[in-house]
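Have a look at the structure below, then the notes.
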Amino acid sequence: MDLILWRHAEAIDLELVGDDMERSLTPRGEKQATRMAHWLDRQLPDGARILASPAVRSQQTVKTLDRKFKTHGALAPLGSAEDLLALVQWPHGKGCTVVVGHQPTLGRTIARLIGLTESECAVKKGAVWWLRYKERYGVGQTVVVTVQSPELL
């Protein structure tokens with residue numbers, strides 16, 4: 001199974017809207033999302049499952065990919081790594097799943113899957129972590145396929 005964790009791109013400050021779920025992308029965030037979406041579109045298999053947080057900034061980020069996606073409340077801000085992993089059926093899900101979500105949930109999920117001693121790892125706005133589960137000699141392991149930042153594409 002491949003799991004791609006994509007943090008939403010840069011969004012406006014909470015103070016400007018007052019509701020965290022309504023924060024939209026900044027012009028810079030729109031560019032970040034578009035750049036990453038172009039890269040992802042070239043890498044993803046046709047049958048990739050795409051899931052996104054209901055927050056406006058995540059919806060705007062995922063729409064730049066121009067593929068069908070589903071929105072899930074379990075991916076909203078302050079969701080849990082456990083809920084994310086259950087939703088994607090890690091590690092026994094089939095194929096490739098993309099999750100567009102938030103910190104600290106994505107960082108906590110990554111830390112758990114790759115065995116970091118810290119409770120979470122930093123995920124830059126607009127960045128992608130591509131993880132793969134595979135079994136080797138009967139032992140399951142998580143492999144980091146790539147980490148991409150929109151500024152480096």
Side-chain angles (χ1 to χ4, degrees), residues 1-13 17 20-114 116 120-135 140-153:
M1 167 179 201
D2 281 12
L3 176 59
I4 300 168
L5 300 174
W6 185 8
R7 183 176 180 193
H8 66 78
E10 181 182 272
I12 62 172
D13 291 334
V17 290
D20 190 41
M21 293 295 286
E22 296 301 319
R23 293 174 53 212
S24 60
L25 296 181
T26 64
R28 180 176 183 226
E30 291 171 5
K31 290 176 187 172
Q32 290 172 334
T34 299
R35 192 174 298 130
M36 187 58 71
H38 286 207
W39 180 83
L40 270 173
D41 193 49
R42 292 189 308 270
Q43 311 304 318
L44 289 176
D46 289 336
R49 183 170 70 142
I50 303 168
L51 310 173
S53 158
V56 169
R57 59 196 181 275
S58 294
Q59 293 287 303
Q60 289 176 312
T61 298
V62 74
K63 285 177 182 174
T64 62
L65 190 54
D66 200 28
R67 292 192 186 201
K68 290 182 183 180
F69 67 93
K70 291 186 179 178
T71 300
H72 287 277
L75 302 175
L78 303 178
S80 73
E82 292 75 22
D83 288 345
L84 186 157
L85 292 171
L87 179 64
V88 302
Q89 301 173 330
W90 181 271
H92 303 294
K94 302 290 182 215
C96 179
T97 300
V98 178
V99 171
V100 182
H102 310 271
Q103 275 295 89
T105 307
L106 297 180
R108 290 178 179 154
T109 303
I110 293 163
R112 179 173 168 180
L113 295 181
I114 64 174
L116 295 178
E120 70 182 72
C121 105
V123 178
K124 190 173 173 112
K125 292 175 183 164
V128 162
W129 282 66
W130 191 318
L131 307 171
R132 179 172 293 151
Y133 177 81
K134 63 184 205 172
E135 289 192 17
Q141 57 185 211
T142 301
V143 176
V144 177
V145 176
T146 190
V147 177
Q148 294 291 336
S149 170
E151 287 79 16
L152 297 178
L153 296 176

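Values below: every heavy atom of this structure, side chains too, minus hydrogens, waters and symmetry copies. Just so you know, these numbers come straight off a predicted model, no measurement behind them.
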### Message
How close do C96 and I4 get, counting heavy atoms only, and between which atoms?
### Response
SG-CD1, 3.6 Å
### Message
For H8 and H102, take the angle between the two ring planes, folded into 0 to 90°, and tell me which bin it lands in: parallel under 30, tilted 30 to 60, perpendicular over 60.
### Response
tilted
### Query
Taking the side chain from S58 and the backbone from P54, do they hold a donor-acceptor pair closer than 3.5 Å?
no
### Message
Checking the side chain of T61 only, and the main-chain atoms of A9 only, is there a donor and an acceptor separated by less than 3.5 Å?
### Response
yes
### Message
Whether the Q59 and T71 side chains hold a donor-acceptor pair (N or O, under 3.5 Å, no angle test) is what I'd like checked.
### Response
yes
### Task
Using the side-chain contact (heavy atoms from CB on, under 4.5 Å) rule, pick out the option among V100, T34, D41 that qualifies with L65.
D41
### Query
Does L131 reach the side chain of V144, with side-chain heavy atoms less than 4.5 Å apart?
yes
### Query
Quick one: are R112 and E82 in side-chain contact, heavy atoms under 4.5 Å?
yes
### Query
Would you say the side chain of R49 lies within less than 4.5 Å of the side chain of V88, judging by non-hydrogen atoms?
yes
#### Entry: Residue from R28, R23, R35 passing salt bridge (charged side-chain N to carboxylate O under 4.0 Å, His left out) with E10
R28
### Query
How far apart are the closest heavy atoms of T97 and M1, and which atoms are they?
OG1-CE, 3.9 Å
### Message
Given 3.5 Å as the limit, does a donor-acceptor pair link the side chain of Q148 with the main chain of L152, or not?
### Response
no
### Message
Looking at S149, is its backbone amide N or carbonyl O close enough to the side chain of Q32 to form a donor-acceptor pair, meaning the two atoms are under 3.5 Å apart?
### Response
no
### Query
Okay, side chain of T64, backbone of A33: is any donor-acceptor separation there less than 3.5 Å?
yes
### Task
State whether E30 and K63 are salt-bridged, where the test is any N-O pair (Lys NZ or Arg NE/NH1/NH2 against Asp/Glu carboxylate O) under 4.0 Å.
no
### Task
Mark yes or no for whether R7, through its side chain, and A122, through its backbone, hold a donor-acceptor pair below 3.5 Å.
no
#### Entry: Side chains of L3 and L113 in contact at under 4.5 Å (non-hydrogen atoms)
yes
### Task
Quick one: closest heavy-atom pair of G140 and Y133, and the distance?
CA-OH, 3.2 Å
### Query
Is there a donor-acceptor pair closer than 3.5 Å between any side-chain N or O of W6 and the backbone N or O of G126?
yes
#### Entry: Interatomic spacing from CG in L116 to CZ in R108 - rounded to 0.5 Å
13.5 Å
### Query
Which distance, rounded to the nearest 0.5 Å, do you find between the OG of S80 and the CG of L78?
10.5 Å
